[in-house]
Amino acid sequence: MKEERIRSGRLQKAPENFLTQSGIQAVFGEGKNGRRDFIRNAFAAAAAAAAAPVAMAQGNPVPVEGGDTNILNLPEHAVGLGQGVAVEGYGKPSKFEANLQRRQSPGLTQTTQASVSFAPLQSLFGIVTPSGLHFERHHQGWWDIDPSKHRFMINGMVKKNMVFTMDEIMRLPSVSRFAFIECGANTATEWGNVAVPTVQYTHGMISCSEFTGVPLITLLELAGADLKNGKFVLAEGGDGSSMTRTIPMSLITSGEVIVAYGQNGEMLRPENGYPLRLVVPGVQGVSWVKYLRRVEVGDKPYAAKDEAIHYIDLQPSGLHRQYTNLQEIKSVVTTPSGGQVLLDKGFYNITGLAWSGKGKVKRVDVSTDGGRNWRQARLETPVLSKALTRFNLDWVWDGKPAILQSRAQDETGHVQPTYQQLRAVRGTRSTYHNNALQSWLVQENGEVKNVQVS
Ligand SMILES: Nc1nc2c(c(=O)[nH]1)N[C@H]1C(S)=C(S)[C@@H](COP(=O)(O)O)O[C@H]1N2
Ligand SMILES: [Mo]
């Protein structure tokens, strides 16, 4: 592997800066329960298991040869009384998982209210993002709105304007579907080659949930919307950000767009739009209007501030692309990834996530040599349209430097671009819709680093 192909990124702030941020340290592996320890422990356990088959019945240990003899000492939890079920209230993760948190990026300057927190992709399994770890993007802070006071209005090109209470909405026929939501600005720091250190910061503005609610088309039909001439709707949020977005009617008549109140089996979290948000599968996060209070039917795009001057893509020609709403095919290796440390050569499970706003992920290939050779990864079921898809691949690390990449393809045949391919079309001054291949450099000492491979 030629070293000159590797252009390691600049850090916007000195590394010391984020090492001193409370809580962040663990991400880099120094914390007691950080990922590094997890991998180390997993290795110790694997080594022990490999050394001798373990045979033990509770209270009747059978001596084993090799491995950790601690297995013969029954811990307190195997002989004492556990905690009673009298633990009422909302269940919480183990105290040993206290480092599992969404976090603000060291690569971004944020104000208190106009802010982002990133989901810890490196520590998640499967395809569902636990609601408490869902990324957050607020243009003007979040609210915990009293659902009994919340109202939702439909107006514009309709027979009659309608106002719904939450109770009225929740009486209507509901649907549930899994969908990913990705902020259009996800992976934006990489456009400028700002190498934020972990996958949490490179790709953590994506999450996937099961959403429940009423198809917007049902509500539009109740209001007698003009579905022939009404080609667009404007969705308006109830916070102070004046968040309004144009949604093409074609997405709505297909039944995909949901006025949602449920997320992963319970009501939406306040940070994610409680009590009502728009779910627009495949479309960038900004269109998933939170605290949804109004939908207006119209016959042309509204050119709202968040589509006329923000969320536009500066092209090499100097012109901007507008209304680039779909999140195109993308994937990322989440383990091993930046900030993690491989402790020894040998077997590892490479795992990651793939998604496409155009439908199902068809295939993911993984390279461990910076894109020269590729192997097809296993897609775990379920593989759902416009939802996250989990992939896995067996890998034996030989202890030499390696560059890990994943490259996804969707059912429409679209393949994720390299940075070279992306920049050839989009230039270098874009912010949104970066779906290029992510590279993680595994160094000889096992430390994994964010790099860009051209
Ligand atoms: N009302 C309202 N809706 C909003 C926003 C907002 O600030 N206010 N942010 C948008 C943006 S830019 C994104 S990426 C998603 C983030 O959703 P989340 O905070 O649930 O992750 O919500 C969108 N909907
Ligand atoms: Mo966003």
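One is the number of the first residue; the rest follow in order along the sequence. Each ligand, and each atom within it, is numbered from 1 in the order the structure gives.
- Electrostatic pairing of Glu256 and Arg177 counts as a salt bridge here, judged by a charged N lying under 4.0 Å from a carboxylate O.
- The proximity of His134 to ligand 1, defined as any non-hydrogen pair under 4.0 Å, is limited to the side chain.
- Within 6.0 Å of CZ on Arg171 lie no more than 12 heavy atoms contributed by other residues, nucleotides or ligands.
- One option in Ile181, Thr129, Asp239 has a heavy atom closer to atom 2 (C) of ligand 1 than any other, and that option is Asp239.
- Scanning all protein heavy atoms for the shortest distance to atom 7 (O) of ligand 1 gives His139 N, 2.8 Å.
- When non-hydrogen atoms are compared, ligand 1 lies under 4.0 Å from the backbone of Arg137 as well as from its side chain.
- For Gly238, no nitrogen or oxygen atom sits less than 3.5 Å from a nitrogen or oxygen atom of ligand 1, counting backbone and side chain alike.
- Looking only at protein heavy atoms, the nearest one to atom 21 (O) of ligand 1 is Phe135 O, 2.6 Å.
- Using a cutoff of 4.0 Å between basic side-chain nitrogens and carboxylate oxygens, Glu97 and Lys95 are not scored as salt-bridged.
- Close approach of ligand 1 to Glu271 (heavy-atom distance below 4.0 Å) involves ligand atoms 19 (O).
- Between Trp395 and Asn349 the shortest side-chain heavy-atom distance does not fall below 4.5 Å.
- With a 6.0 Å cutoff to the six-membered ring centre and a 45° limit on the axis angle, Arg429 does not count as a cation-pi contact of Trp191.
- With respect to Glu411 and Lys360, no salt bridge is recorded, no charged nitrogen being found less than 4.0 Å from a carboxylate O.
- Contacts with ligand 1 closer than 4.0 Å are made by no heavy atom of Tyr274, backbone or side chain.
- When side chains are defined from C-beta on, Gln263 counts as touching His134, because their heavy atoms get closer than 4.5 Å.
- Contacts of Met205 with ligand 1, taken as heavy-atom pairs under 4.0 Å, are absent altogether.
- In this structure, Ser241 counts as a contact residue of ligand 1, since one of its heavy atoms falls inside 4.0 Å of the ligand.
- Annotation: the span from Asp394 atom CG to Tyr348 atom OH amounts to 14.0 Å, rounded to 0.5 Å.
- Of the protein's non-hydrogen atoms, the one nearest atom 23 (C) of ligand 1 is Gly285 O, 3.2 Å.
- For atom 14 (S) of ligand 1, the closest non-hydrogen atom of the protein is Cys183 CB, 3.4 Å.
- Side-chain rings of Tyr311 and Tyr432 approach one another, their centers coming within less than 6.0 Å.
- Where the criterion is an N or O separation shorter than 3.5 Å, residue side chain and backbone included, Trp288 meets it with respect to ligand 1.
- Distances below 4.0 Å separate heavy atoms of Arg277 from the following atoms of ligand 1: 15 (C), 16 (C), 17 (O), 18 (P), 20 (O), 22 (O).
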What side-chain donor-acceptor pairs closer than 3.5 Å can you find for residues 203-216, not counting sequence neighbours?
from	atom 1	to	atom 2	distance (Å)
Ser207	OG	Phe135	N	3.1
Thr212	OG1	Ser176	OG	2.7

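- Scanning the protein for heavy atoms near atom 3 (N) of ligand 1, the closest one is Lys290 N, 2.9 Å.
- Looking at Asn450, its side chain never comes within 3.5 Å of a backbone N or O of Gly338 through a donor-acceptor pair.
- Those atoms of ligand 1 that come under 4.0 Å of a heavy atom in Tyr311, given as number and element, are 12 (S).
- Close contacts of ligand 1 with Asn272, meaning ligand atoms under 4.0 Å from a residue heavy atom, involve 18 (P), 19 (O), 20 (O), 21 (O).
- Using a 4.0 Å cut-off between charged nitrogen and carboxylate oxygen, Arg294 and Glu236 count as a salt-bridge pair.
- Counting only heavy atoms of the protein, atom 11 (C) of ligand 1 lies nearest to Val286 CA, 3.6 Å.
- Atoms of ligand 1 found under 4.0 Å from any heavy atom of His138, numbered from 1 in the order shown, are 7 (O).
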